[in-house]
Amino acid sequence: MSDYTVDAAERRRYARFLSVVRGEAIRQGMSASVVDAALAVTPAPNAKVLKADRHQPEFTLTWAQYKERVLTDKKILDGQSAVAQRKSLFSQVSSLYKVSTGAIAGIWGLESAYGKKTGTYHVIDALATLAFDGRRSSFFRAELFKALQILNQGDITPSAMLGSYAGAMGQPQFMPSAYQRYAVSFPEGGRRNIWTNEADVFASVANYLAKCHWRYGEPWGEAVHTPETLAQSETGRTIVRPSSYWVSKGVTPVLGGSFARPDLPGAIVRPDGPGGEAFIVYANFNVIRRYNPSDFYALAVGLLGDAIA
């Protein structure tokens with residue numbers, strides 16, 4: 001495919017591609033009128049989607065740089081205000097799903113700036129473009145059909161199904177497959193609206209974490225001091241030891257005293273190596289990583305959640 005230009009031949013190939021998608025969707029039992037309405041928003045490959053997909057930043061941030069960008073004073077203050085205004089709703093969702101308010105709010109803040117930034121791309125348009133493009137076509141083709149299934153269920157209209165250039169939807173930034181598996185309505189019984197219904201947003205994030213085995217009442221982790229004599233090879237989320245072991249190695253909580261939960265085994269995460277920030281992390285840290293498999297992301301969710309909730 002040329003550099004984001006769409007000529008007549010490309011349009012014809014895309015039209016044939018959409019025709020195949022339409023036929024397969026209808027054979028799967030989807031309504032022809034729903035499928036036609038959905039595919040009507042994507043008459044040609046979206047050049048903006050292709051450009052965003054091919055020009056993702058390749059630079060690598062340190063944890064200190066990432067934290068400075070993501071955990072700003074404004075992000076924390078905005079979060080404290082947003083959570084305080086919705087205290088009752090967060091409490092209800094947290095109690096029902098047995099997931100901490102901090103984890104739900106931290107993900108909400110990182111994914112959409114507390115609902116303010118949810119993406120402006122039509123999801124069907126984005127997914128169809130990426131499925132046609134060929135770079136990761138099988139993945140995006142599967143997500144495209146799941147998105148069509150969601151529309152067929154009547155949860156949302158094609159014009160309101162907005163998200164990122166890669167098809168991540170709504171305030172929690174669920175891919176269609178995640179939506180199908182984890183999205184819920186709160187209270188139960190309604191349409192699942194992760195775009196504008198905050199109750200559904202919070203409940204869907206909580207359900208995601210609960211289904212990934214969140215341990216209610218346990219922390220995700222806490223900041224610690226580590227001696228430089230602690231080898232980097234002894235750190236990492238998979239090297240889990242009793243807290244007594246880390247004490248014997250000279251690891252101490254930044255806040256002083258004993259660990260928040262000395263009864264829990266934990267691992268030491270020191271993302272920037274000796275001299276950088278360090279954390280003892282518990283089972284719930286790995287649950288957050290199920291949402292986004294990045295140590296930086298999980299640390300940021302945990303720290304933001306602690307600060308705002």
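Only heavy atoms go into these numbers, but all of them, side chains included; no hydrogens, no water, no symmetry mates.
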Let me check something: do [X] and [Y] share a hydrophobic cluster, defined by ILVMFWY side-chain heavy atoms less than 4.5 Å apart, either directly or through other members?
| X | Y | value |
| --- | --- | --- |
| Leu77 | Leu304 | no |
| Leu299 | Ile76 | yes |
| Phe279 | Leu255 | no |

Problem - Residues Gln28, Gln149; criterion side-chain contact (heavy atoms from CB on, under 4.5 Å); working and verdict - result: CA-CA 9 Å; Gln28 289 182 15; Gln149 290 165 5; 3.4 Å; yes
Problem - Interatomic spacing from CZ in Arg135 to OG in Ser137 - rounded to 0.5 Å - result: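 The OG atom of Ser137 is 11.0 Å from CZ of Arg135, to the nearest 0.5 Å.
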What are the two closest heavy atoms between [X] and [Y], and how far apart are they?
| X | Y | answer |
| --- | --- | --- |
| Ser243 | Pro262 | OG-O, 2.6 Å |
| Ala128 | Phe17 | O-CE2, 3.6 Å |
| Val123 | Leu162 | CG2-C, 3.6 Å |
| Tyr208 | Ala178 | CE1-CB, 4.2 Å |
| Pro227 | Gly250 | CD-O, 3.4 Å |
| Ala160 | Ile156 | CB-CD1, 3.7 Å |

Exercise for the section: Give a yes or no on whether the ring-centroid distance for Phe174 and Tyr179 is below 6.0 angstrom. Expected result: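 So the answer is no for these two rings.
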Handout entry: Salt-bridge contact Lys67-Glu277 (side-chain N to carboxylate O under 4.0 Å)
Key = yes
Exercise for the section: Taking only Lys NZ, Arg NE, NH1 and NH2, and the carboxylate oxygens of Asp or Glu, determine whether Arg261 and Glu222 approach each other closer than 4.0 Å. Expected result: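 No, this pair does not count.
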Practice task
May I ask you to check whether Asn193 and Thr196 show a side-chain donor-acceptor distance below 3.5 Å?
Solution key: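 A donor-acceptor contact under 3.5 Å links the two side chains.
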Practice task
Using distance alone, with no hydrogens and no angle criterion, decide if Asn46 and Thr129 have a side-chain donor and acceptor under 3.5 Å apart.
Solution key: no
Once salt bridge (charged side-chain N to carboxylate O under 4.0 Å, His left out) is applied, what residue pairs with a partner in [range] remain, sequence neighbours excluded?
| range | answer |
| --- | --- |
| residues 140-152 | Glu24-Arg141 |
| residues 105-124 | Asp78-Lys116 |
| residues 164-177 | none |
| residues 150-167 | Asp155-Arg192 |

Connected hydrophobic set around [X], excluding itself, where side chains approach under 4.5 Å:
| X | value |
| --- | --- |
| Leu230 | Val224, Tyr245, Trp246, Val247, Val251, Phe259, Leu264, Ile268, Ile280, Tyr282 |
| Val254 | none |
| Val240 | none |
| Ile239 | none |

Practice task
Report the residues that fulfil salt bridge (charged side-chain N to carboxylate O under 4.0 Å, His left out) with Arg289, sequence neighbours left out, ordered by chain and then residue number.
Solution key: Asp295
Problem - More than 12 heavy atoms from other groups under 6.0 Å of CG on Asp73 - result: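 At most 12 heavy atoms, drawn from other residues, nucleotides or ligands, come within 6.0 Å of this atom.
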Exercise for the section: Mark yes when over 12 heavy atoms from residues, nucleotides or ligands other than Gln65 sit less than 6.0 Å from its CD; otherwise mark no. Expected result: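 Correct, the count exceeds 12.
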Handout entry: Contacts of type side-chain hydrogen bond (donor to acceptor under 3.5 Å, both in side chains), residue Thr118, not counting sequence neighbours
Key =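 Partners of Thr118 by the side-chain hydrogen bond (donor to acceptor under 3.5 Å, both in side chains) criterion come out as none, since no residue qualifies.
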Practice task
For the pair Tyr14 and Phe132, name the ring-plane relationship: parallel under 30°, tilted 30 to 60°, perpendicular over 60°.
Solution key: perpendicular
Practice task
Over 60° means perpendicular and under 30° means parallel, so classify the ring planes of Trp108 and Phe202, tilted if in between.
Solution key: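 Rings of Phe202 and Trp108: perpendicular, as their planes differ by over 60°.
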Exercise for the section: I would like to know whether Asp200 and Arg191 meet salt bridge (charged side-chain N to carboxylate O under 4.0 Å, His left out); could you show each step before the answer? Expected result: CA-CA 9 Å; Asp200 290 4; Arg191 294 180 177 180; over 6 Å; no
Problem - Non-neighbouring partners of Ala105 that pass side-chain contact (heavy atoms from CB on, under 4.5 Å), sequence neighbours left out - result: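 Testing Ala105 for side-chain contact (heavy atoms from CB on, under 4.5 Å), a comparison that skips the adjacent residues, returns Val83, Phe90, Ile308.
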Exercise for the section: Using the six-membered ring of Tyr121, assess whether NZ or CZ of Lys48 lies under 6.0 Å from its centre and within 45 degrees of the ring axis. Expected result: yes
Any heavy-atom pair between the side chains of [Y] and [X] that's under 4.5 Å?
| X | Y | value |
| --- | --- | --- |
| Arg181 | Ser177 | no |
| Phe145 | Pro176 | no |
| Phe139 | Met175 | yes |

Can you give each donor-acceptor pair under 3.5 Å made by side-chain atoms of residues 96-104, sequence neighbours left out, with the distance rounded to 0.1 Å?
residue, atom, partner, partner atom, Å
Lys98, NZ, Ser95, O, 3.3
Ser100, OG, Ala103, N, 3.2

Handout entry: Expected output: side-chain Gln173 to main-chain Ala168 donor-acceptor under 3.5 Å
Key = yes
